[in-house]
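See below for the structure under consideration.
Numbering of ligands and ligand atoms starts at 1, following listing order. Positions are given from 1, in the same order as the sequence printed here.
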Amino acid sequence: MTAPQTASTAPPPVNMVGHAHLSGVFAPQRTEVDVDELTVVGELPADLNGTYFRNGPNPRFDPIGRYVYPLDGDGMVHRLRIDNGRAGYSNRFVRTPMVLAEEKAGRALWGGITDTYSPGPDLVGPELAGSSRQLPDINVVAHGGRLLAMAESDLPYRLDPADLATLGRTDCDGAMALGSTAHPKIDPATGELVLFTYRLQAPFLAWSVLGPDGSTRRAPTAIEGVDEPVMVHDMALTARYIVLFLCPLVFDIPGMLRGASLLDWRPARGTRIALIPRDGAAVRWAETDAFWVWHFANAYDEADGTVVVDYVQWAYPGGLADVDTPQRGGLVRAVLDPRTGDVDRTELAMRPVEFPRIDDRDLTAPHTTIATAGISGTDRTRDALMFLDPRRGTEIWWKAGPFAVGEPVFMPGEQHAYWGTLGTDLRDMTSWFHILAAQDPAAGPVASIRMPIRVPAGLHGSWLPSDSDLLDPGAR
Ligand SMILES: [Fe+2]
């Protein structure tokens with residue numbers, strides 16, 4: 001997603017002092033390191049071998065203009081290897097042409113996503129003049145032999161898993177020619193990667209599919225019934241459907257050019273839900289009240305034809321700039337009937353949680369646990385992981401004490417399973433990767449790996465077992 005650029009004067013620097021998403025645990029990290037042997041408190045599980053990749057906004061230089069979390073920034077990918085009781089770490093910026101041009105200049109040249117400024121040819125040459133900053137800073141996904149730093153409905157960047165070098169922007173042989181959500185879903189049953197993208201011009205929504213080998217199985221296909229640009233961050237996937245929630249957050253380009261927000265919240269419209277059959281049949285629609293969704297936990301088909309979707313629901317806080325106002329909402333289940341358009345919503349756990357994840361091997365099938373990062377105290381720091389069993393409604397909390405923690409990731413070991421998360425100790429700003437036993441996460445970490453540098457609070461990541469094709473190409 002790129003907004004139009006019209007202004008010609010560079011905006012002033014962002015005041016980073018005390019900025020909610022540019023200071024403290026969010027302060028950008030500019031150091032890149034490779035460290036083979038990390039300090040571990042506790043004992044790394046002998047049956048856990050693999051690599052965790054995580055992405056997040058991390059501006060290469062102090063930004064100019066406006067800084068809108070979580071969309072602005074540059075990508076920095078962190079890689080944590082766990083191998084036979086040892087752990088190593090590397091991190092690299094995702095080097096887009098904008099990052100490279102700024103490194104040459106030694107300062108920020110582009111404004112933020114909601115600024116109308118882009119540098120001219122005198123600053124960045126004719127090829128980049130007038131371009132928008134590319135932001136592959138939201139997620140990092142491995143599929144079909146590719147490691148991809150994912151952007152918000154834009155083309156991803158391919159990375160070399162061996163050294164995290166940026167290999168270049170890619171449309172994945174055309175499958176992502178219109179862009180991709182940062183949250184494509186990999187169907188464990190078929191090995192397919194299914195994605196959608198939203199756009200400022202028609203087609204406003206499209207979907208496509210890559211086969212397990214990374215080839216294009218369905219080229220970008222317009223989703224009918226959408227006649228204006230709408231922001232949709234994540235998707236859910238079942239064996240039969242792609243599920244998109246079209247919350248009433250509409251792009252208002254005339255408004256932005258007048259100086260208002262690029263995004264306009266229009267709650268009277270309610271939320272439209274698209275059920276897009278993966279077999280290419282006509283899209284089914286359902287409608288319900290207005291609310292906002294960043295992230296889905298999972299979805300699956302019931303035998304009676306209904307579709308279960310678990311997600312984190314927000315009462316929209318009034319603007320992207322206010323995205324971290326105290327959260328009203330929580331984990332919600334919607335049961336959708338594709339035949340009637342009925343939507344039946346049930347509150348699973350109305351807690352201030354985000355970043356819902358499950359055991360990725362259960363995607364598109366019923367899941368037993370939804371893990372989230374949550375707030376246990378009164379301030380806004382995510383300082384706990386909450387594990388919900390949606391069948392029983394039981395919650396297990398691990399309160400992380402002084403740590404601000406991020407998205408949990410499920411890590412299957414050879415005998416046992418684990419959850420991991422990156423956290424930063426607010427007392428000394430050291431960062432750690434905590435490993436919890438999936439059988440008893442409330443007991444706290446079985447091991448905590450000390451990161452050699454502070455890892456800023458970020459967004460999304462992936463765990464790859466050590467025998468994955470990407471990490472062990474010889475196994476292909
Ligand atoms: Fe996200």
Side-chain angles (χ1 to χ4, degrees), residues 1 20-21 25-26 52-58 67-78 94 113 134-143 148-157 176 179-186 193-198 205 230-237 242-247 249 263 291-299 309-314 316-317 320-324 327 329-332 352-358 360 363 370-375 382 385 404-410 421-422 455-463:
M1 204 290 299
H21 295 112
V25 297
F26 288 95
Y52 176 55
F53 294 96
R54 203 214 67 187
N55 203 347
N58 193 113
Y67 186 82
V68 178
Y69 177 85
L71 301 179
D72 271 322
D74 293 303
M76 176 176 272
V77 172
H78 307 266
V94 184
I113 191 169
Q134 294 160 4
L135 297 165
D137 62 353
I138 295 180
N139 198 358
V140 51
V141 171
H143 181 261
L148 299 170
M150 306 296 301
E152 177 75 9
S153 282
D154 201 349
L155 296 182
Y157 271 77
M176 298 185 187
S180 174
T181 172
H183 290 287
K185 295 289 177 288
I186 298 171
L193 180 140
V194 183
L195 67 101
F196 79 97
T197 192
Y198 67 80
L205 285 173
V230 58
M231 182 175 172
V232 183
H233 180 67
D234 193 2
M235 59 181 274
L237 185 69
I242 298 162
V243 186
L244 298 182
F245 281 29
L246 279 60
C247 304
L249 189 61
L263 290 157
F291 52 81
W292 175 247
V293 181
W294 284 109
H295 297 120
F296 294 89
N298 189 32
V309 185
D310 288 354
Y311 63 98
V312 177
Q313 178 175 303
W314 292 67
Y316 187 66
L320 269 183
D322 299 327
V323 72
D324 67 338
Q327 182 175 354
L331 278 167
V332 171
V353 296
E354 252 299 350
F355 301 127
R357 294 290 295 263
I358 64 163
D360 292 333
L363 281 166
I370 302 169
T372 58
I375 300 169
R382 297 197 187 282
L385 298 184
V405 296
E407 179 187 66
V409 64
F410 186 84
T421 191
L422 276 165
V455 177
L459 294 174
H460 307 288
S462 302
W463 171 262

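In this structure, H295 and F355 have tilted ring planes: the angle between them lies in the 30° to 60° band. Ring orientation note: the planes of F296 and Y311 are tilted relative to one another, at an angle of 30° to 60°.
Checked by atom type and distance alone, the side chain of E407 pairs as donor or acceptor with a backbone atom of G461 at under 3.5 Å. A donor-acceptor contact shorter than 3.5 Å is absent between the side chain of T181 and the backbone of L195.
Here the closest heavy-atom approach between residue L363 and residue I358 is recorded as N-CD1, 3.8 Å.
With rounding to the nearest 0.5 Å, the separation of CG in D74 from CD in Q134 is 10.5 Å.
Sorted by chain and number, the protein atoms of type N, O or S within less than 2.8 Å of the Fe ion (ligand 1) are H183 NE2, H233 NE2, H295 NE2, H460 NE2.
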